[in-house]
Amino acid sequence: MMKKFFLLTVTAVCLIVSCDTMQQVSGSILQSKGITNADNVAGLKDALSVGIGNAVVSLGKQDGYFANQALKILLPPEAAIIVDNIKLIPGGQSLVEDVVLRLNRAAEDAVSEAAPIFGNAIKNMTISDATNILFGNKDAATAYLQKNTYNQLVSAYAPKINNSLGKNIVGGISAANSWGSLTSAYNSVANSVVGKVANLTPVNEDLGAYVTGKALDGLFLTLANEEAKIREDPVARVNDLLKKVFGQLDKQR
């Protein structure tokens with residue numbers, strides 16, 4: 001099932017960046033001894049398609065975020081005071097765990113929105129862009145995509161994440177409900193006489209915006225790792241075009 005998902009994801013990206021054109025370029029350049037600008041453009045686009053496909057598949061599966069300690073989305077910093085005073089809230093610990101799980105599930109649900117947006121950015125890449133990226137910093141491609149897609153990704157992710165946060169997943173409770181229960185319980189304490197004496201501050205956090213930002217942070221971190229593999233590990237270059245184009249970088253080390 002995951003293999004089919006991966007193939008569909010890569011196919012979607014390839015269609016947007018025009019697979020026919022890439023294949024024609026690939027077929028002609030592999031007969032040539034030299035490496036042209038067209039080679040570099042095709043190779044970079046191919047590499048990005050592979051990297052995007054890998055990133056989307058790894059993050060879009062269940063626990064793609066939740067089980068990855070580097071990407072796992074935790075409660076907003078504003079909620080630290082809640083965690084510190086969790087014993088004041090009946091059932092507080094289970095509420096925290098419930099919210100955290102659902103934050104990550106929302107991010108996993110939204111990842112599929114990235115592929116077509118990245119595909120359009122690749123399609124619009126110029127020869128100059130590709131050359132600068134190929135011979136630039138180790139995360140140059142990721143930085144290019146982040147600069148050219150971030151606002152679009154926010155717009156695409158936010159509705160889906162908010163929808164996911166509102167889903168009744170277990171026991172008729174959604175992440176939004178869990179977060180609301182958690183903050184309401186805490187704010188009741190914070191606004192009480194006891195809370196004021198203890199200098200507790202009420203929490204008001206836009207959960208959807210917070211999760212969207214964290215989900216995109218994880219996406220670009222994963223994409224940067226995929227880019228590094230292709231740049232640095234010959235085994236990650238899954239076809240002759242990638243081996244030819246990125247082999248130039250090996251010679252520069």
**Study point:** Any side-chain heavy-atom pair of L242 and D46 under 4.5 Å
**Key:** yes
Check your understanding: Which heavy-atom pair separates G208 from L165 by the least distance, and what is that distance?
Key -> CA-CD1, 3.8 Å
Review point. Are Q248 and N40 close enough, and set up right, to give a side-chain contact (heavy atoms from CB on, under 4.5 Å), and what steps lead you there?
Key: CA-CA 10 Å; Q248 297 173 94; N40 290 333; 2.8 Å; yes
Exercise for review: To the nearest 0.5 Å, tell me how far M125 CE sits from T131 OG1.
Suggested key: 10.5 Å
Exercise for review: Mark yes or no for whether N187, through its side chain, and V203, through its backbone, hold a donor-acceptor pair below 3.5 Å.
Suggested key: yes
Review point. Are the side chain of N104 and the backbone N or O of V100 linked by a donor-acceptor pair below 3.5 Å?
Key: yes
Check your understanding: Does the side chain of Y65 reach to within under 4.5 Å of the side chain of S58, using non-hydrogen atoms?
Key -> no
Check your understanding: When hydrophobic residues are tied together by side-chain contacts of less than 4.5 Å, even through go-betweens, does I230 share a cluster with F135?
Key -> yes
Check your understanding: V245 versus L44: any side-chain heavy-atom pair under 4.5 Å?
Key -> no
Practice item. Assess the side chains of D129 and T126: does a donor N or O sit below 3.5 Å from an acceptor N or O? Key: yes
Practice item. Would you name the heavy atoms of I122 and K45 that are closest together and state the gap between them? Key: O-CE, 3.2 Å
Review point. Judged by modelled atom types alone, do D39 and T36 share a side-chain donor-acceptor pair under 3.5 Å?
Key: yes
Practice item. Test the K72-F66 pair against the cation-pi criterion, namely NZ or CZ under 6.0 angstrom from the six-membered ring centroid and within 45° of the ring axis. Key: yes
Study note, to complete from the structure: Rounding to 0.5 Å, atoms NZ (K138) and OG1 (T142) come to a distance of 11.0 Å
Review point. Can you find a heavy atom in the side chain of L145 that is under 4.5 Å from one in the side chain of Y150?
Key: no
Review point. Is any side-chain heavy atom of V235 less than 4.5 Å from a side-chain heavy atom of K229?
Key: no
Revision key, fill the gap. Taken to the nearest 0.5 Å, the spacing of S184 OG from N191 CG works out to 10.5 Å
Exercise for review: Identify whether V41 and Y144 are in the same connected component of the hydrophobic contact network (ILVMFWY, side-chain heavy atoms under 4.5 Å).
Suggested key: no
Review point. Do you know which two heavy atoms are closest between A107 and I73, and how far apart they sit?
Key: CB-CD1, 3.6 Å
Check your understanding: From E108 CD over to K61 NZ, what is the distance, rounded to the nearest 0.5 angstrom?
Key -> 10.0 Å
Check your understanding: At their closest point, which heavy atom of L74 faces which heavy atom of Y210, and how far apart are they?
Key -> O-OH, 2.7 Å
Review point. What closest approach, in Å, do V99 and L75 show between heavy atoms, and which atom pair accounts for it?
Key: CG1-CD2, 3.6 Å
Practice item. Say whether Q152 and N120, considering side chains only, have a donor N or O and an acceptor N or O under 3.5 Å apart. Key: no
Point to revise | Test item: R231 side-chain N/O and L134 main-chain N/O as donor-acceptor pair under 3.5 Å | key: yes
Point to revise | Shortest non-hydrogen contact between S164 and D109, atoms and distance | key: OG-OD2, 3.0 Å
Exercise for review: Mark yes or no for whether N239, through its side chain, and L241, through its backbone, hold a donor-acceptor pair below 3.5 Å.
Suggested key: yes
Point to revise | salt bridge (charged side-chain N to carboxylate O under 4.0 Å, His left out) assessment of D63 paired with R105 | key: CA-CA 7 Å; D63 290 336; R105 289 291 183 263; 3.0 Å; yes
Check your understanding: Would you say the side-chain atoms of E227 pair up with the backbone N or O of G51, donor to acceptor, closer than 3.5 Å?
Key -> no
Practice item. Evaluate side-chain contact (heavy atoms from CB on, under 4.5 Å) for F220 paired with D139, printing each intermediate quantity in order. Key: CA-CA 10 Å; F220 284 109; D139 63 345; over 6 Å; no
Check your understanding: Hey, is E113 close enough to K160 for a salt bridge, meaning N to O under 4.0 Å?
Key -> yes
Exercise for review: Decide yes or no for K214 and D217: does some side-chain heavy atom of the first lie under 4.5 Å from some side-chain heavy atom of the second?
Suggested key: yes
**Study point:** Interatomic spacing from CD in Q146 to CG in N148 - rounded to 0.5 Å
**Key:** 10.5 Å
Point to revise | Distance, nearest 0.5 Å, that separates CG of L71 from CG of L59 | key: 6.0 Å
**Study point:** Side chains of E226 and V50 in contact at under 4.5 Å (non-hydrogen atoms)
**Key:** no
Practice item. Side-chain contact test, heavy atoms from C-beta onward, threshold under 4.5 Å: evaluate it for Y157 versus L219 and give yes or no. Key: yes
